Amino acid sequence: MSGTVTLENKWPVLGRHAQATEWLRLWADLGRAPRTIDAYARGLSEYLQMCEQESVDPLTATRAHIGIYVRELTERPSLRGPNVVSIDSGAGLANATTAQRLVSVRLFYDYLMEEGLRDSNPVAGADIRPVGAAVSISVGLCPG
């Protein structure tokens, strides 16, 4: 995939995880739109960066590690700065953005399972919609 070099340059963490590069190449080979690949790469690279910071091997990560990632997404400082007057709190990503980042991580773990590199998906089965966004009997990973 010619875009892989660009993605690895944009998010160097991808180059340190061969399975991530292979997964993104597969999506490109399947004809996914470049912006879709870019969104998946961004979400996955942020997750892999968190794994490196926490000294977690993504191949052995657990739901608890996914929780750490969600907490980081929902608590990170706003790029708009702390003094910007807005309706939101100025911290954390929007619920829809958090859910989008988690989709890329879930799909990556689906791929690892299909390749026989994992037995389970730490994101699978979790309702990643914000609580209250729709009728749901399980608690979502994204705060509502």
Side-chain angles (χ1 to χ4, degrees), residues 1-84 86-131 133-134 136 138-144:
M1 167 173 103
S2 61
T4 301
V5 175
T6 303
L7 293 175
E8 289 173 345
N9 288 338
K10 195 170 184 179
W11 294 290
V13 69
L14 295 173
R16 296 190 295 271
H17 297 272
Q19 295 88 2
T21 304
E22 292 167 11
W23 177 69
L24 291 166
R25 182 177 294 119
L26 174 64
W27 280 107
D29 291 346
L30 291 172
R32 296 301 189 262
R35 288 188 180 186
T36 300
I37 303 298
D38 192 67
Y40 288 168
R42 180 181 189 142
L44 185 57
S45 67
E46 289 181 358
Y47 173 70
L48 294 173
Q49 188 67 45
M50 182 280 309
C51 285
E52 289 182 357
Q53 290 169 350
E54 298 290 325
S55 300
V56 173
D57 180 352
L59 294 178
T60 61
T62 66
R63 187 170 293 243
H65 299 116
I66 300 298
I68 292 169
Y69 178 56
V70 170
R71 184 180 65 235
E72 191 277 323
L73 292 175
T74 58
E75 293 179 355
R76 77 169 49 157
S78 173
L79 295 177
R80 294 175 292 201
N83 297 323
V84 174
S86 66
I87 294 173
D88 64 17
S89 68
L93 297 176
N95 286 334
T97 305
T98 299
Q100 180 189 42
R101 298 292 198 279
L102 285 171
V103 165
S104 61
V105 176
R106 180 182 55 80
L107 292 172
F108 176 64
Y109 279 112
D110 285 346
Y111 167 77
L112 294 178
M113 289 175 56
E114 290 168 3
E115 295 297 307
L117 299 172
R118 278 194 63 109
D119 292 329
S120 64
N121 184 335
V123 188
D127 182 357
I128 60 174
R129 294 172 295 170
V131 173
S136 175
S138 62
V139 176
L141 292 174
C142 301

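These numbers come from the heavy atoms of this one structure, side chains and all, not from hydrogens, waters or symmetry mates. Just so it is clear, the structure is predicted and the values come from calculations on it, not from any experiment.
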Engineer: Within the 4.5 Å heavy-atom criterion, are Val13 and His17 side-chain neighbours or not?
Structural biologist: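 Of all side-chain heavy-atom pairs linking His17 with Val13, at least one is under 4.5 Å.
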
Engineer: I need the Arg63 CZ to Asn121 CG distance, nearest 0.5 Å.
Structural biologist: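 Here the interatomic distance stands at 8.5 Å.
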
Engineer: Which pair of heavy atoms, one from Ala28 and one from Ile37, lies closest together, and at what distance?
Structural biologist: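 Of all heavy-atom pairs spanning Ala28 and Ile37, the closest is N-CD1, 3.6 Å.
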
Engineer: Can you give me the closest heavy-atom contact between Val105 and Gly43, atom names plus distance?
Structural biologist: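 So the two residues come closest at CG2-O, 4.3 Å.
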
Engineer: Within a strict 4.5 Å, meaning less than it, do heavy atoms of the Asp110 and Arg106 side chains meet?
Structural biologist: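 Sidechains of Arg106 and Asp110: in contact.
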
Engineer: Could I get the full list of ring-ring contact (aromatic ring centres under 6.0 Å, His included) partners for Tyr69, not counting sequence neighbours?
Structural biologist: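 In terms of ring-ring contact (aromatic ring centres under 6.0 Å, His included), with neighbours along the sequence ignored, Tyr69 is linked to Tyr47.
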
Engineer: To the nearest 0.5 Å, what is the distance between CG (Leu30) and OG1 (Thr36)?
Structural biologist: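 Nearest 0.5 Å value for the CG-OG1 distance: 12.0 Å.
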
Engineer: Using side-chain contact (heavy atoms from CB on, under 4.5 Å) as the criterion, list what pairs up with Asp57, not counting sequence neighbours.
Structural biologist: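 Asp57: side-chain contact (heavy atoms from CB on, under 4.5 Å) contacts with Leu59, Thr60.
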
Engineer: CD of Gln19 to CG of Leu117: how many Å apart, nearest 0.5 Å?
Structural biologist: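 It is 6.0 Å, given to the nearest 0.5 Å.
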
Engineer: Is Arg42 paired with Asp38 through a side-chain N to carboxylate O contact shorter than 4.0 Å?
Structural biologist: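 Salt bridge: no.
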
Engineer: Do the non-hydrogen side-chain atoms of Ile66 and Leu102 ever get within less than 4.5 Å of each other?
Structural biologist: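 Yes; the side chains approach each other to less than 4.5 Å.
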
Engineer: Check whether any side-chain heavy atom of Leu24 lies under 4.5 Å from a side-chain heavy atom of Tyr40, and answer yes or no.
Structural biologist: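 Counting from C-beta outward, Leu24 and Tyr40 do come under 4.5 Å.
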
Engineer: Out of curiosity, Arg101 CZ to Glu46 CD, how far, rounded to the nearest 0.5 Å?
Structural biologist: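 One gets 4.5 Å once the value is rounded to the nearest 0.5 Å.
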
Engineer: Give me the atom names and distance for the closest heavy-atom approach of Ser104 to Trp23.
Structural biologist: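 Looking at all heavy atoms of both residues, the shortest contact is O-CH2, 3.5 Å.
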
Engineer: Closest approach of Met113 and Asp119, non-hydrogen atoms and distance?
Structural biologist: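 Minimum heavy-atom contact is CE-O, 3.8 Å.
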
Engineer: I need the minimum non-hydrogen distance between Arg118 and Tyr109, along with the two atoms involved.
Structural biologist: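 Heavy atoms only, the tightest pair is CD-CD2, 3.3 Å.
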
Engineer: For residues Ala39 and Gln100, report the shortest heavy-atom separation together with the two atoms involved.
Structural biologist: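 Closest approach of Ala39 to Gln100: CB-NE2, 3.7 Å.
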
Engineer: To the nearest 0.5 Å, what is the distance between CG (Leu26) and CD (Glu115)?
Structural biologist: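 Nearest 0.5 Å value for the CG-CD distance: 8.0 Å.
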
Engineer: Report yes if some heavy atom in the side chain of Glu52 is under 4.5 Å from a heavy atom in the side chain of Arg16; otherwise report no.
Structural biologist: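 Yes; the side chains approach each other to less than 4.5 Å.
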
